[in-house]
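No experiment lies behind these values; they were computed from the predicted model shown. One-based numbering, in listed order, for ligands and for the atoms of each.
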Amino acid sequence: MEVILIKNGELALKGLNRRTFEEILVKNIRRRLSSIGKFEYTTSQSTIMISSPDEYIDFDEASERIRHIFGIAAFSRALAVEKTMDAILENAAEYLAPQLQIASTFKVEAKRSDKKFPFKSPEICRETGAVILSKFPHLTVDVHNPDMIVTVEVRDQYVYIHGNQIKGAGGMPSGSAGRAMLLVSGGIDSPVAGYMMAKRGLQLNAIHFASPPYTSERAEMKVHDLLAQVSKYSGKITLFTVHFTEIQEAIRDNCPEELFTLVMRRFMMRISEAVARREDCGALITGESVGQVASQTLWALGCTDSVVNLPVFRPVIGMDKEEIISISRKIDTFDISIQPFEDCCTVFTPKHPRTRPKIEMLEEAEKNLDVDGLIERALNNIRISKEGF
Ligand code: ATP
Ligand code: MG
């Protein structure tokens, strides 16, 4: 019987109660694996064990999904065998053959949490090592820096045999640190920003501003695709799509061109905050990075920040584009982000945007608009969807 072992010792438990942390993690894993089939979860001796009553269940897919879930630094796929020395010796070499074939050095480690098991750890190591050497004569034992560590764990019900651990996504389980609202465009930066904050344990909601017919359905599809990808790490994301056309047209018709983008960004922030509060989110998240574009100079950021009271998290604020791109490649959002569809930010872009705006200029410009009425109508025209896994 195959199982997956997740050692809680690997989790960062700073400031958090271990039980809560573990419960949230198990809930997140359950949700992510449920569409594969039936799995069973047991937590004991600071290990989460995932098994299945269905012997043909797709463990490859399960471990691929687990690799993306935050809160897991490393995990192992293991074979559970009955608690006898014969069972260990019959199965270890065969089960681990694919890894043993490509290693040149190895060592065996035995862990005995059941002290009643009649063989002591050094004996288990010695005998298992001897069988492996006889079946894979190209191998040598290296106790200091082996390519592969074969672990034999004697626990309550079974003995578990596994090879090297698989690296997990790290971070904290999504939801263990509360909830936040990601302002998501179709660009490169905001999906990366969402991924980074989800990694800190935030559960994500997302908000997207669309301005049909200036922006196309394809552009919206891109946002759905991006969130589906981010959700492999963060878990399901509720997306709020705001109909933004009326606001953008009102800005175009009534405000100085050099301030278009900033007035628009201020509307986005206000609407996002209103939806965030309704959804019990404690912060907003954006993909802004200082100096990247005219609307992200220090002065411009001051103007957009000043209309909201929730904290605004900008995890990529100090990164340059190359650094952001390298994360977006790692999480497979880059190829989606670079598909060329209009975003509402690129509609009505001023030729000469103000790079050192003052808040008073924006307040003056907004006097020409029915700010409250526009926001109220936008809030009444939101589509809600569930994205991803
Ligand atoms: P991105 O790559 O995330 O699009 P960007 O560098 O293109 O960022 P801007 O277009 O100025 O920068 O947007 C800055 C931030 O504002 C984005 O990272 C995102 O958080 C938010 N934002 C921009 N456009 C939208 C939109 N249409 N809907 C929701 N949020 C948006
Ligand atoms: Mg953008």
Side-chain angles (χ1 to χ4, degrees), residues 180-197 204-212 214-224 226-227 229-230 237 239-245 247-248 251 259-276 281 283-297 299-301 303-305 307-308 310 312-325 327-329 331 333-350 353-355 357 378 382-383 387:
M181 182 69 77
L182 169 68
L183 281 79
V184 65
S185 67
I188 295 168
D189 308 331
S190 43
V192 169
Y195 160 85
M196 289 177 71
M197 295 317 300
L204 297 183
N205 281 0
I207 187 164
H208 176 68
F209 297 85
S211 299
Y214 306 105
T215 58
S216 64
E217 223 166 274
R218 300 283 298 277
E220 263 184 66
M221 276 313 297
K222 192 174 153 182
V223 171
H224 294 273
L226 284 169
L227 291 178
Q229 187 57 30
V230 173
I237 301 171
L239 170 67
F240 299 83
T241 304
V242 183
H243 190 89
F244 206 46
T245 316
I247 292 176
Q248 284 206 286
I251 297 171
L259 297 177
F260 279 1
T261 310
L262 278 180
V263 176
M264 178 194 79
R265 304 264 320 124
R266 281 159 62 96
F267 271 96
M268 284 186 183
M269 297 301 270
R270 291 180 180 111
I271 293 167
S272 301
E273 176 170 34
V275 180
C281 294
L284 303 178
I285 304 169
T286 77
E288 289 160 310
S289 148
V290 167
Q292 203 183 79
V293 289
S295 58
Q296 295 174 25
T297 64
W299 300 270
L301 288 168
C303 291
T304 39
D305 227 27
V307 294
V308 289
L310 279 177
V312 181
F313 295 158
R314 299 179 169 92
V316 304
I317 194 76
M319 293 187 180
D320 60 38
K321 201 73 188 184
E322 283 310 310
E323 293 170 304
I324 301 171
I325 287 175
I327 299 177
S328 80
R329 286 191 195 278
I331 64 172
T333 52
F334 183 73
D335 290 337
I336 309 171
S337 292
I338 57 172
Q339 292 168 14
F341 302 117
E342 288 285 294
D343 181 63
C344 72
C345 286
T346 46
V347 180
F348 314 139
T349 315
R354 273 244 169 209
T355 52
I382 292 181
R383 270 172 297 130
E387 304 301 318

Which of the atoms of ligand 1 are close to [X], meaning less than 4.0 Å from one of its heavy atoms?
X      : value
Gly187 : 1 (P), 2 (O), 4 (O)
Ser190 : 1 (P), 3 (O), 18 (O), 19 (C), 20 (O)
Thr286 : 20 (O)
Ile188 : 2 (O)
Ile207 : 29 (C)
His208 : 26 (C), 27 (N), 28 (N), 29 (C)

Do [X] and [Y] have side chains that get closer than 4.5 Å, going by heavy atoms?
X      : Y      : answer
Phe244 : Met268 : yes
Lys321 : Asp189 : yes
His208 : Leu227 : no
Met264 : Phe209 : no

*Which residues pass the side-chain hydrogen bond (donor to acceptor under 3.5 Å, both in side chains) test with Arg329, sequence neighbours left out?*
none
*With sequence neighbours left out, write down each residue that passes side-chain hydrogen bond (donor to acceptor under 3.5 Å, both in side chains) with Glu273, or none if nothing qualifies.*
Arg277
*Might you work through the side chain to side chain contact (heavy atoms under 4.5 Å, CB included) test for Ile188 and Phe334, ending with a clear yes or no?*
CA-CA 6 Å; Ile188 295 168; Phe334 183 73; 3.9 Å; yes
*When you look at CD of Glu217, are more than 12 heavy atoms from neighbouring residues, nucleotides or ligands closer to it than 6.0 Å?*
no
Any N/O pair [X]/ligand 1 closer than 3.5 Å:
X      : result
Asp189 : yes
Gly287 : yes
Gly186 : no
Met268 : no
Phe209 : yes
Lys321 : no

_Side-chain H-bond candidate by donor/acceptor type, Thr297 with Thr355, under 3.5 Å_ = no
*Would you kindly specify which portion of Leu182 sits under 4.0 Å from ligand 1, judged on non-hydrogen atoms: side chain, backbone, both or neither?*
neither
